[in-house]
J.: 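One structure follows; several queries about it will come next.
All residue numbers refer to positions in the sequence shown, counting from 1. None of these values were measured; they are calculated from a predicted model.
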Amino acid sequence: MSDYRIAPVVDTAQQGYRSAPTQPGSRMARRAAAGGGASPMPPPPPPPPGDEPPRGRRGGGGSGGGGKMRVLAWVSIGVTTVMVAGSLTAYATFRDAFGNITQKSVKDDIINPRPPDTGALNVLLVGSDTRAGAGNARYGQQTARLADAGGKRTDTIILMHISPNRDKARLISFPRDSMVQIPKCKNETTKQEMAPRRDMINSAYNSGGVACTISTIETLTGIRVNHFVEVDFSGFKNIVDALGGIEICLRTAVNDKASKLVLPAGKSRLDGEKALGYVRLRKYGDGSDIQRIRRQQIFLSKVVAKATSSELLTDVGKLRDFISAAAGSVTMDPELANDPEQLIEIATSAKQLTAGGVQFTTIPWVPDPEDKNRVVWKEPDATKLFTSIKTDTEVATPAPSASAGTGKPKVTIKPEQVKVQVLNGTKTVGKAREVADQLAEQGFTVVGLGNYEAPGGVGLAKTEVHYAKTAETAPDYAGTLAGAVLPKPTAASGRVKVTNPSAYTSTTAAAGAAPKGAPVIQLVVGEDFDSVKVTKLPDSVKNSTITAADQKNVCT
């Protein structure tokens with residue numbers, strides 16, 4: 001594992017947005033016009049000491065790390081995550097408690113083409129360390145630049161992806177010093193168009209605000225951002241206290257003057273004040289940023305578990321306090337904040353989102369060859385992670401084999417049981433090999449390649465799946481294959497004629513294990529082919545992921 005130093009950088013920010021219909025006549029709008037209120041928040045506690053991180057080791061190698069993060073902003077993001085994915089379960093009951101949500105519309109400033117929408121819910125979460133307002137001015141060290149400008153910055157960018165059936169969630173952290181291509185954007189102040197450039201990912205917010213941040217994330221990942229939520233950290237202590245504190249476990253005792261934290265080894269329940277000290281703790285363990293970030297992820301996983309527990313959801317008083325504290329700390333796009341139907345739909349589905357279905361992932365990275373103080377995303381691993389998100393468009397339901405009435409038991413057909421011959425029906429040379437590699441990586445048994453000549457000598461417009469008429473269970477195998485391709489092709493009986501057939505040998509994936517006698521299914525790739533759904537992620541992604549349910553008894 002290689003260690004290297006990260007130079008201090010200017011922190012900027014990102015947020016996301018969803019182009020959803022507004023609800024001017026909604027119940028929320030009518031309540032707002034009538035002066036709907038929210039539960040008052042308790043007065044802010046004394047400010048903690050500054051949290052300006054020192055230059056130090058990033059720690060770890062390229063596949064399992066994350067950017068150096070300012071702790072309070074990072075934890076504030078976690079609070080937002082909990083509010084969106086957890087406490088919205090009670091929105092229908094506690095509408096008034098959401099009256100403190102600040103709204104910001106950015107859709108008119110998004111000037112780049114946007115990815116298509118899917119059945120999933122993707123919310124971009126940004127932690128801002130704005131010093132605007134009396135509450136926020138109390139936290140951290142104020143530089144002259146921020147104090148004079150009333151500005152804000154972020155080094156915390158997280159995309160929260162909730163699956164189409166709303167039973168699983170993955171929170172993807174973007175290292176702040178990732179060098180990426182920023183697309184053309186409007187300057188947030190002057191509204192003048194800015195040219196594309198290569199820069200740190202968090203610079204998008206500094207110059208172009210939320211709209212530029214949305215375009216940057218969408219352009220880089222191909223994922224549609226449905227909504228955005230921005231949070232400052234002034235209400236963090238109140239939120240932790242509203243949850244009744246968070247229990248953590250330490251391997252060794254802590255007596256740290258910088259964070260004013262004194263804790264014994266073993267388990268401790270932290271109130272808001274001590275929680276701030278814990279997540280700011282630097283002089284502990286090996287002192288690396290990576291270890292501290294992992295502690296923060298574990299802490300947030302415990303927050304998620306607490307916020308989605310029956311203990312909170314069934315206690316009306318505690319739940320109202322928690323929602324009020326969270327709502328008073330965030331800014332949302334109006335399409336989310338003013339759409340009761342959308343929020344209630346999220347609320348209903350989010351009841352299934354238990355802590356066991358929440359994962360925290362940092363994009364795999366390697367040092368930037370042009371500047372060792374910066375990082376670039378590890379490829380093709382990062383792209384595979386993004387593909388898994390944008391192809392998560394429906395609940396996977398493997399096709400059962402055996403036709404009804406045969407008396408034979410039904411079995412689930414897995415990808416590795418399906419033999420596939422991939423045919424290129426497009427005019428793009430090498431397309432069959434490209435698609436075959438994608439299928440092999442996801443476990444399918446690819447047995448051959450070839451070409452398909454569409455009538456008229458033009459490229460095949462739409463992808464097709466074909467199977468032999470004589471194979472009794474072939475439609476079931478074909479269904480499993482069709483369900484793994486986007487856009488989903490239609491399966492039809494009758495195989496097509498192949499030109500230039502050849503065997504397939506994978507150089508990147510282990511051979512599948514299709515049973516003897518399994519029918520060979522033809523995938524004819526058309527011009528509309530987008531991708532194969534990614535369900536098996538690279539080891540670098542797995543190694544940089546923790547699951548909330550697994551952190552219950554973890555000592556750091």
J.: Mind running side-chain contact (heavy atoms from CB on, under 4.5 Å) on I223 and I217 for me, showing each step along the way?
T.: CA-CA 8 Å; I223 300 170; I217 292 296; 5.9 Å; no
J.: Working to the nearest 0.5 angstrom, can you tell me the gap between T361 OG1 and K542 NZ?
T.: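 Interatomic distance, T361 OG1 to K542 NZ, rounded to 0.5 Å: 12.0 Å.
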J.: May I ask you to decide if the ring planes of F386 and F174 are parallel, tilted or perpendicular, using 30° and 60° as cut-offs?
T.: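 Answer is parallel, since the angle falls under 30°.
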J.: Less than 3.5 Å apart, any donor N or O on the side chain of D528 or T463 sitting next to an acceptor on the other?
T.: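 Yes.
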J.: Taking all non-hydrogen atoms of both residues into account, name the closest pair between T219 and P183 and its distance.
T.: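 It is OG1-CG, 3.9 Å.
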J.: Could you check whether any side-chain N or O of E379 sits under 3.5 Å from a backbone N or O of T383, counting only pairs where one atom can act as donor and the other as acceptor?
T.: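 Checking the backbone N and O of T383 against the side chain of E379, a donor-acceptor pair under 3.5 Å is found.
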J.: Is the shortest side-chain heavy-atom distance between R170 and L537 below 4.5 Å?
T.: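 R170 vs L537: side chains touch.
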J.: Please round to the nearest 0.5 Å and tell me the distance separating atom CG of L171 and atom CG of L125.
T.: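 Output value for this atom pair is 6.5 Å.
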J.: Examine distances only and state if a side-chain atom of S215 and a backbone atom of C212 form a donor-acceptor pair shorter than 3.5 Å.
T.: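 No; zero donor-acceptor contacts below 3.5 Å.
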J.: Answer yes or no: is there a donor N or O on one side and an acceptor on the other, between the side chain of N112 and the main chain of K184, under 3.5 Å?
T.: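 Checked: pair present.
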J.: Could you tell me whether K390 atom NZ has more than 12 heavy atoms of other residues or ligands within 6.0 Å of it?
T.: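 More than 12 within 6.0 Å, yes.
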J.: With distance as the sole criterion, is a donor-acceptor pair present between the side chains of T362 and S544 under 3.5 Å?
T.: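 No, S544 and T362 have no side-chain donor paired with an acceptor closer than 3.5 Å.
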J.: Is a side-chain donor or acceptor of S203 paired with a backbone partner of D199 at a separation under 3.5 angstrom?
T.: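 A pair under 3.5 Å: no.
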J.: Check step by step if salt bridge (Lys or Arg N to Asp or Glu O under 4.0 Å) holds for R198 and D368.
T.: CA-CA 12 Å; R198 185 175 187 268; D368 182 5; 3.3 Å; yes
J.: Do the charged groups of R114 and E218 touch, with an N to O distance under 4.0 Å?
T.: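 So R114 pairs with E218 through a salt bridge.
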J.: Would a 4.5 Å heavy-atom cut-off, applied to side chains only, mark Y278 and R295 as touching?
T.: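 Heavy-atom side-chain distance check passes, below 4.5 Å.
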J.: Identify the heavy atoms of A120 and H161 that sit nearest to each other, and give their distance.
T.: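 In this case the closest contact between A120 and H161 is CB-CE1, 3.3 Å.
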J.: Apply the test side-chain hydrogen bond (donor to acceptor under 3.5 Å, both in side chains) to residues S540 and D381: give CA-CA distance (whole Å), side-chain angles for both, the deciding distance (0.1 Å), then the verdict.
T.: CA-CA 7 Å; S540 63; D381 298 24; 2.4 Å; yes
J.: How long is the span from the CD atom in E273 to the NZ atom in K260, to the nearest 0.5 Å?
T.: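 It comes to 8.0 Å.
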J.: Return the CE to CD distance between M179 and Q181, rounded to the nearest 0.5 Å.
T.: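 One finds 9.5 Å between CE of M179 and CD of Q181.
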J.: Mind listing the closest non-hydrogen atom pair of D241 and G272 along with its distance?
T.: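 Result for this residue pair: OD1-N, 2.8 Å.
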J.: Report yes or no: do R197 and S207 form a side-chain donor-acceptor pair below 3.5 Å?
T.: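 The answer is yes; a qualifying pair exists.
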J.: Walk me through it: do L124 and T213 pass the test side-chain contact (heavy atoms from CB on, under 4.5 Å)?
T.: CA-CA 9 Å; L124 195 62; T213 301; 3.9 Å; yes
J.: If every non-hydrogen atom of F299 is compared with every non-hydrogen atom of A275, which pair is closest and at what distance?
T.: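 That would be CZ-CB, 3.8 Å.
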J.: Can you check whether L121 reaches H227 side chain to side chain, under 4.5 Å on heavy atoms?
T.: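 With C-beta onward as the side chain, the pair touches.
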J.: Step by step, would you call T547 with V358 a side-chain contact (heavy atoms from CB on, under 4.5 Å)?
T.: CA-CA 6 Å; T547 301; V358 180; over 6 Å; no
J.: Rounded to the nearest 0.5 Å, what separates atom CG in D108 from atom NZ in K191?
T.: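 Output value for this atom pair is 9.0 Å.
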J.: Looking at side-chain heavy atoms only, is the closest gap between D109 and I111 below 4.5 Å?
T.: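 No, too far: nothing below the 4.5 Å cut-off.
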J.: Just one of K104, K107, Q103 clears the side chain to side chain contact (heavy atoms under 4.5 Å, CB included) bar with P334, so which one?
T.: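 Checked K104, K107, Q103 against P334; only one passes side chain to side chain contact (heavy atoms under 4.5 Å, CB included): Q103.
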J.: For the atom pair CD1 (I157) and CD1 (I363), what is the distance rounded to the nearest 0.5 Å?
T.: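 Separation between the atoms: 9.0 Å.
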J.: Testing the basics here: between S388 and V534, what is the closest heavy-atom pair and its distance to 0.1 Å?
T.: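 Minimum heavy-atom contact is CB-O, 3.3 Å.
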J.: Can a donor-acceptor pair be found, under 3.5 Å and without considering hydrogens, that links the side chain of N122 to the backbone of R224?
T.: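 Flag set: sc N122 to bb R224 pair under 3.5 Å.
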J.: Considering all heavy atoms of both residues, which atom of Q359 and which atom of T545 are nearest to each other, and what is their separation?
T.: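 For Q359 and T545, the tightest heavy-atom pair comes out as CB-CG2, 3.9 Å.
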J.: Using 4.0 Å as the upper bound for N to carboxylate O, is an ion pair formed by D392 and K533?
T.: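 D392 and K533: not salt-bridged.
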J.: Given the rule in the side-chain contact (heavy atoms from CB on, under 4.5 Å) test, do W377 and V180 qualify, once you have shown the distances and angles that lead to the verdict?
T.: CA-CA 9 Å; W377 299 342; V180 300; 4.0 Å; yes
J.: Using a 4.5 Å cut-off on heavy atoms from C-beta on, say whether the side chain of I389 contacts that of I172.
T.: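 Yes, side chains in contact.
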